[in-house]
Amino acid sequence: LNAKQLAEAFGVPHGTAIYFTCDYCAQENEYPTIEAYIRAAQEACYPYEAGMYGHAGLVDYLAQKGACRKFWQCVAWSLGNLSQYTTVYQYMWSGGAESVEMQGKVGFPVDMNKTTSLEAAKLWMPPAKVPEKNWYDDAKGC
């Protein structure tokens, strides 16, 4: 299945961003190829919105070219820069020292991300599962 089919199958609302990745230190000579990739992804996943995950330099390039509007910037390869176009920022990755400390607390590798809002990033959270009725609590007063 492709990203659009999976989103449809899970009931993800149209207009939600589907982020595609460039999870390595892409070089400037590769940017035009990545731009073509994200433009093709946008066409293929419509009526969802294609977003791009990558480092600050790539985010800046794609934003300035108008290739997409949603960007999930990784801390890796960004050289301490934060792009003004970033909608989600991965500020800690699972290989970093801070994450190893976090992994000790939660028991598994963690990437930490932040955004100003789910709406701005066009992210979607599935509805919370309604807990089943707790019959034990109801019976306490009997």
Are the side chain of [X] and the backbone of [Y] linked by a donor-acceptor contact shorter than 3.5 Å?
{"X": "Lys70", "Y": "Ala120", "value": "yes"}
{"X": "Glu30", "Y": "Gln27", "value": "yes"}
{"X": "Thr16", "Y": "Val12", "value": "no"}
{"X": "His55", "Y": "Gln73", "value": "no"}
{"X": "Thr115", "Y": "Leu118", "value": "no"}
{"X": "Gln42", "Y": "Ala50", "value": "yes"}

query: Do Val88 and Tyr61 belong to the same hydrophobic cluster, where Ile, Leu, Val, Met, Phe, Trp and Tyr are linked whenever their side-chain heavy atoms lie under 4.5 Å apart, directly or via other members?
result: no
- request: Say whether Val75 and Leu79 are linked into one hydrophobic cluster, either directly or through other cluster members, by side-chain heavy-atom distances under 4.5 angstrom.
  value: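 Unlinked, Val75 and Leu79 end up in two clusters.
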Would you name the heavy atoms of [X] and [Y] that are closest together and state the gap between them?
{"X": "Cys22", "Y": "Ala26", "result": "SG-CB, 3.7 Å"}
{"X": "Ala17", "Y": "Ala121", "result": "CB-O, 3.7 Å"}
{"X": "Tyr31", "Y": "Gly57", "result": "OH-C, 3.6 Å"}
{"X": "Ile38", "Y": "Gly51", "result": "CD1-O, 3.4 Å"}
{"X": "Ile34", "Y": "Met52", "result": "CG2-CE, 3.7 Å"}
{"X": "Ile18", "Y": "Ala3", "result": "CG2-CB, 3.8 Å"}

- prompt: Charged N to carboxylate O below 4.0 Å: is that the case for Arg39 and Glu35?
  reply: yes
- request: Salt-bridge test for Glu49 and Arg69: reply yes if a basic N is under 4.0 Å from a carboxylate O, no otherwise.
  value: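 Arg69 and Glu49: salt-bridged.
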message: Between Leu58 and Leu62, is the side chain to side chain contact (heavy atoms under 4.5 Å, CB included) condition met? List the steps.
response: CA-CA 6 Å; Leu58 178 62; Leu62 293 173; 3.9 Å; yes
task: Count the heavy atoms of every other residue, nucleotide or ligand shown that sit under 6.0 Å from OH of Tyr24, and state whether that count exceeds 12.
output: yes
- prompt: Would you say Gln64 has more than 12 foreign heavy atoms packed within less than 6.0 Å of its CD?
  reply: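 Check passes, neighbour count above 12.
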Could you tell me if the side chain of [Y] sits less than 4.5 Å from the side chain of [X], heavy atoms only?
{"X": "Trp124", "Y": "Pro13", "answer": "yes"}
{"X": "Asn113", "Y": "Tyr89", "answer": "no"}
{"X": "Lys65", "Y": "Pro32", "answer": "no"}
{"X": "Asp23", "Y": "Trp77", "answer": "yes"}

query: Just checking, is any N or O donor in the side chain of Gln90 or Tyr53 under 3.5 Å from an acceptor N or O on the other one?
result: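 Yes, side-chain donor-acceptor contact under 3.5 Å.
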task: Calculate, to the nearest 0.5 Å, the distance between atoms OG1 and CZ belonging to Thr86 and Phe71 respectively.
output: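 It is 8.5 Å, given to the nearest 0.5 Å.
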- prompt: Can you tell which of Phe20, Tyr91, Tyr19, Tyr85 makes a ring-ring contact (aromatic ring centres under 6.0 Å, His included) with Trp72?
  reply: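 Exactly one candidate clears the test, Tyr19.
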